[in-house]
Amino acid sequence: MEGNCENNEVSKSNPWPYMNVGSLTISFLTKLATAGIIWGCGYLNLSIAWLIAPIALAAWKTERRKDNELKAITAKASVMAKEKELIMSRLDELPSWVYFPDFDRAEWLNKVLYKVWPNINHFARELCKQSIEPAIVEKLTEYKIKGFQFDRLVLGRIPLKIYGIKAYDKNTSRNEVIMDADIMYAGDCDITFSVGNIKGGIKDFQIRGMMRIVMKPLIPIMPIIGGVQAFFLNPPAINFNLVGVADVLDLPGFNDILRKTIVEQIAAFVVLPNKIVIPLSESVPVETLKMPEPEGVLRIHVVEAKHLMKKDIGVLGKGKSDPYAIINVGAQEFRTKTIDNTVNPKWDFWCEAVICSCIMQKAMVFLWDRDASIPCVQYDDFLGRASIEVSRVKKKGNIDTWVSLEQAKHGMVHLRLTWFQFSKNVADLQAALMETQELRITSMSTALLVLYIDSARNLPCVRGNKQPDVYLEASVGGNTKRTATMLRSCDPVWEQGFTFLVSNPETGILHLKITDEKTTLVVGEMNYNISLLLKQNNLEITQQPYDLQMAEADSKIILSMSLNILKYEEPEPTSEEDDDDHDINQLKKRIDRQESNISNTLSSSLPPSPLKKQPSKESINSLTRSTESGGAIVPEETVAPNEELIVTNTVSSLNESPQLLHRNLSVTSSSGEAKLGRIQLSLRYSVQRQKLIIVVHKIANLPLPHNDPYNIPDPYVKLYLLPDRYKETKRKTAVMKDNCNPIFDEQFEYVVSQGDLNSRTLEISVCTQKGWLSAGSKVMGQVHLNLSEIDLTKSSTSWYDLQPETKD
C-alpha cells in the first residue's frame with residue numbers, strides 16, 4: 001500500500017516520468033556523439049574547418065524552422081480566434097471590415113462554412129488531382145524532375161475564414177451578382193506527395209487574398225443562378241512548409257524549385273484570367289460561363305527607376321545593384337532586362353496585359369537586384385514594389401507618373417500606363433496600326449482574339465487502335481497556350497477559352513494542333529487566317545465546326561472566336577476627380593508657383609554679388625513675419641506671390657567656399673527656433689488606397705558643423721513611422737553632396753489603416769554622411785509629427801523647424 005501511495009504521489013508530481021528519462025537519455029547521447037566527433041577530428045588530425053559548413057547549415061535550418069512555425073501558429077490563431085479577440089490582439093492580418101467600411105462582417109457565413117467544410121474538402125481534393133497536379137507535373141519537367149503526384153490530400157478540420165464580404169450594386173450588369181470576399185486559409189492540412197522515389201509533404205499551408213465571386217446569368221427558373229465563377233483578382237499570398245525524408249526538401253535547390261512551381265501553379269489556376277467555373281443550370285450554355293470576357297487592354301511602359309537601394313557588396317563597401325523589374329497583372333507576368341551596376345536603371349520596357357475585371361485589380365511592379373546564383377536557385381535581393389489600380393488608368397485614359405516603392409527604404413519607378421477599349425469597327429484598325437508604327441515597337445498589338453475551344457469529334461486512334469490522350473495547343477505569333485489533357489477519348493470536350501494579342505489581324509494566323517500525350521503524335525491540326533474574322537458580322541463566329549488536317553476525313557473541331565480592335569479614346573471630362581490626382585495637382589501648382597516666384601526674384605532683385613549687396617532690413621522683417629507666423633509650422637500658402645524672397649547664402653556671411661552656392665535658394669530666411677534649419681514637407685492621406693504619403697521637398701539653412709566652412713554637410717532625410725522603428729519601415733532620400741540648402745522632392749508612402757493613423761508619430765531626421773570612410777551618419781536635426789494633430793484629409797505643405805535629436 002505504501003509503495004502504491006508513493007507511486008501515486010510520483011505520478012501526480014511528474015505525470016510523464018518515463019518521457020523525462022527518455023529525453024535525458026537522448027540529450028546525453030547527442031552530446032556524447034558531438035564530443036566524439038570533435039575528439040575524432042582531433043585524433044585524426046582533421047581540420048576543424050570541415051565542421052563549419054554542416055554546423056552553419058544546421059543553424060540556418062533551425063532558425064528557418066522556428067520562423068516558419070511562428071508564422072503558422074500566428075495564422076492559425078487568427079483564423080480560429082473570434083473577431084473581438086483578433087482586433088484586441090492588434091495582429092497584422094485584421095479583417096477587411098476594420099479597414100474598409102463598405103465591407104460587411106461575415107461571421108454567419110463562417111458558421112455555414114464550418115458545417116459544409118467536409119464536402120468542400122472532398123471537392124478541393126478532386127480539383128487538385130484533376131487540374132493542379134497535371135500542371136505541376138508539366139512545369140517540373142522543365143527542370144528534368146519527373147514522377148510528381150499527390151498521395152494524400154486532406155485540408156483538415158479548420159475551415160477557411162472570410163474576414164469581410166462586399167456586394168457591388170453599381171457599375172455592374174443587372175444580369176449578374178458580384179461579390180468580393182477577403183479569405184484566409186491556415187488550417188491543419190495533411191498533404192503528402194512523391195517525386196520519384198522521394199516522399200515529401202506540405203504542412204502549415206496558408207493562403208490569403210481577395211476572391212471575387214460572380215453569379216450569372218440570373219434566370220427566371222430554379223436555381224435562379226445559371227452558374228458561379230470564382231477567382232482571385234490579384235495573386236494571393238501563399239506560404240507553406242515542405243517536409244521530407246532526412247529533410248532533403250529543406251535544402252536549397254530542390255526546395256526552391258518545388259516551392260516556386262507549386263505556388264505558381266496554384267496562383268495561376270485561380271487568378272485572372274483563370275477562373276473556377278461551376279455551372280448550375282443545364283439551360284445555360286457552358287460557353288457563356290467559360291468564354292473569356294475581357295474589358296480592355298492595359299499597355300504598360302516601365303521607363304526607368306531612380307535612387308534604388310544598394311544591395312551589392314563592393315570592394316570599398318556598399319556597391320550598387322543590378323536591377324530588373326517583374327510586372328504582374330493577375331496571373332500575367334512580364335520581366336525587363338537586367339541593368340548592371342546602377343541604382344538609376346533605364347529599361348524602356350513595354351508590355352500589354354489583358355484585363356478581365358477593372359474593379360479592385362492592380363498592376364504590380366516588383367524590383368529585384370540580380371545576384372549570381374547556382375542554377376534554379378535564386379538569391380536575388382528585393383528592392384521594393386509599386387502598384388497602380390487598373391480602374392484608375394481606365395478612368396484617366398493614360399497615366400504618366402513616378403511611383404514610390406513600398407517595402408523599401410527609398411526608390412521610385414517611372415511608369416506610363418494606357419487603357420485601350422474594344423471596337424468592332426474595322427475602320428479603327430488602320431488607326432491602331434499607325435499608332436504602333438509611330439511607337440516603332442513591333443511587339444505592340446492592335447487587336448485581341450478571344451478563342452473558345454469547345455470540343456473535337458472523330459479523332460483517329462493511335463498505335464494499337466487505342467484511343468488517344470489528347471491535348472490541344474493554340475498559337476498566334478510566338479504565344480502558345482495549351483488545354484488540359486483528355487484521357488482516352490476520340491471525342492474530347494475541353495471547354496476552355498484563351499485570349500491572344502494580335503499585332504496585325506490582316507496577316508495573323510491562328511494555328512491549332514492536337515497531340516497524343518503518350519506517343520507525342522499529332523492527330524490533327526489546322527490553320528485559320530485571322531483576317532477572315534474581319535469579314536464576319538460583329539467580327540465573331542460561334543460554335544463553328546472546322547475540318548482537321550492529318551486526320552480522318554470526318555474529324556472536326558468546334559470553335560468560337562471573336563476579334564476586338566484596340567482603340568484609345570480620351571475620357572470624358574467629369575466633375576469628379578480622383579483624390580490622389582487632386583492632391584498631386586494641387587501640389588504641382590504650389591511648386592510651380594514657388595518656382596515662378598524664385599525665377600522672378602532671380603531676374604529682378606538678385607544682387608550681382610551676395611558679398612557686395614545685402615537685402616534690406618525691412619524686407620527681412622517682412623519675410624520673417626510672412627513665413628514664420630507661429631515659429632514651428634508655417635504653411636506655404638501664407639507666402640504671398642508678390643512678396644520679396646530672400647536669397648540665403650551661408651558662405652557669403654563667412655566669405656568662404658563658393659560650393660555652397662549650389663541650390664541655396666529658399667522661400668524662408670529663418671534658421672528655425674533651434675537654429676538648426678527648417679524642412680519643407682507635404683502630407684496627405686489617401687482613404688481609397690489606405691496610404692500615408694509624405695513628400696520631402698527641401699531643407700533650408702542647415703548650419704555648418706562647428707562653423708567650419710570647409711566641413712560642408714552631405715545631407716539626406718530619414719523617416720520612421722513610429723512606433724515601428726525597424727529596417728522595413730525606414731525610408732531615406734538621396735544624399736546631396738556639399739549642400740546646406742538641398743532640394744529633394746521625393747515621395748514616400750506607408751500603408752496604414754485610417755483607424756491606426758491617429759496612434760502614429762512621424763519621425764523625420766536630417767542626417768549628414770561624409771563619404772565611404774565615414775564612421776556613420778550624424779543627425780543634424782529632427783521633427784516629430786503627431787499625426788492625430790494634423791488634418792490629413794487635404795494635402796498640406798508646410799515648413800517645420802528642425803529640433804535637436806531625441807533618443808528613445
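These numbers come from the heavy atoms of this one structure, side chains and all, not from hydrogens, waters or symmetry mates. Being a predicted model, the structure only gives us computed values, none of them experimental.
Salt-bridge annotation for Glu352 and Arg299: present, with a side-chain N of the basic residue lying under 4.0 Å from a carboxylate O of the acidic one. A salt bridge between Asp547 and Lys556 is present, with a side-chain N of the basic residue lying under 4.0 Å from a carboxylate O of the acidic one.
Looking only at side-chain heavy atoms (C-beta outward), Lys199 and Asp151 come within less than 4.5 Å of each other. Residues Asn564 and Phe420 are not in side-chain contact: their nearest non-hydrogen atoms beyond the backbone lie 4.5 Å or more apart. Between Met444 and Leu566, the closest side-chain pair of non-hydrogen atoms is not below 4.5 Å. Residues Thr336 and Ile327 have side chains in contact (heavy-atom distance under 4.5 Å, counting atoms from C-beta outward). The shortest distance between side-chain heavy atoms of Phe148 and Val137 falls below 4.5 Å. With a 4.5 Å cut-off on side-chain heavy atoms, Ile213 and Val228 count as touching. Residues Asp491 and Asn458 are in side-chain contact: their nearest non-hydrogen atoms beyond the backbone lie under 4.5 Å apart. At a threshold of 4.5 Å between non-hydrogen side-chain atoms, the residues Ser391 and Ile359 do not count as touching.
Remark: the backbone N or O of Leu472 is paired with a side-chain donor or acceptor of Thr483 at under 3.5 angstrom. Of the possible polar contacts, one joining the Gln332 side chain to the Val354 backbone as a donor-acceptor pair under 3.5 Å is found. Judged purely by atom type and a 3.5 angstrom limit, Asn479 has no side-chain atom pairing as donor or acceptor with the backbone of Val476. When atom types are taken as modelled, the side chain of Thr192 and the backbone of Arg152 share a donor-acceptor pair closer than 3.5 angstrom. In this structure, Gln206 contributes its side chain and Ala186 its backbone to no donor-acceptor pair below 3.5 Å. Panel note: side chain Asp469, backbone Arg488; a donor-acceptor pair is recorded below 3.5 Å. Distance alone, capped at 3.5 Å, places no donor-acceptor pair between the Asp554 side chain and the Arg457 backbone. Between the Asn504 side chain and the Thr446 main chain, no donor and acceptor come within less than 3.5 Å of each other. Judged by distance alone, with hydrogens and angles left aside, the side-chain atoms of Lys481 form no donor-acceptor pair with the main-chain N or O of Gly497 at under 3.5 Å.
Residues satisfying the salt bridge (charged side-chain N to carboxylate O under 4.0 Å, His left out) test with Arg212, not counting sequence neighbours, are Asp180. Looking at residues two or more places apart in sequence or on another chain, you find a side chain to side chain contact (heavy atoms under 4.5 Å, CB included) between Glu264 and Lys139, Lys260. In this view, Pro285 and Glu287, Thr288 satisfy the side chain to side chain contact (heavy atoms under 4.5 Å, CB included) rule, not counting sequence neighbours. Applying the ring-ring contact (aromatic ring centres under 6.0 Å, His included) test to Trp350 and every residue at least two apart in sequence or in another chain returns His301. Residues satisfying the salt bridge (charged side-chain N to carboxylate O under 4.0 Å, His left out) criterion with Glu333, sequence neighbours excluded, are absent altogether. The salt bridge (charged side-chain N to carboxylate O under 4.0 Å, His left out) check on Glu506 picks up nothing, with sequence neighbours excluded. Applying the ring-ring contact (aromatic ring centres under 6.0 Å, His included) rule to Tyr114 yields no partners; only residues at least two apart in sequence or on another chain are considered. Remark: Lys216 pairs with Glu293 by the salt bridge (charged side-chain N to carboxylate O under 4.0 Å, His left out) rule, at least two apart or across chains. With sequence neighbours excluded, the residues that form a ring-ring contact (aromatic ring centres under 6.0 Å, His included) with Tyr546 are Tyr528. Every side chain to side chain contact (heavy atoms under 4.5 Å, CB included) that Ser173 has, sequence neighbours left out, goes to Asn175, Glu176.
Across Val450 and Pro292, no two heavy atoms sit closer than the pair CG1-O, 3.8 Å. Across all non-hydrogen atoms, the minimal contact from Trp494 to Met486 is NE1-CG, 3.6 Å. Across all non-hydrogen atoms, the minimal contact from Ile162 to Ala106 is CG2-CB, 3.8 Å.
Screening Met360, Gln361, Met210 against Asn234 for a side-chain contact (heavy atoms from CB on, under 4.5 Å) leaves a single residue, Gln361.
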Name the atoms and distances for all side-chain donor-acceptor pairs under 3.5 Å in residues 529-540, with sequence neighbours left out.
residue	atom	partner	partner atom	Å
Asn538	ND2	Glu540	OE2	3.4

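Pairs passing the salt bridge (Lys or Arg N to Asp or Glu O under 4.0 Å) check and including a residue from residues 122-131, sequence neighbours excluded, read Lys129-Glu133.
Ring geometry for Phe150 against Phe193 counts as perpendicular: the plane angle is over 60°, on a 0 to 90° scale with 30° as the lower cut.
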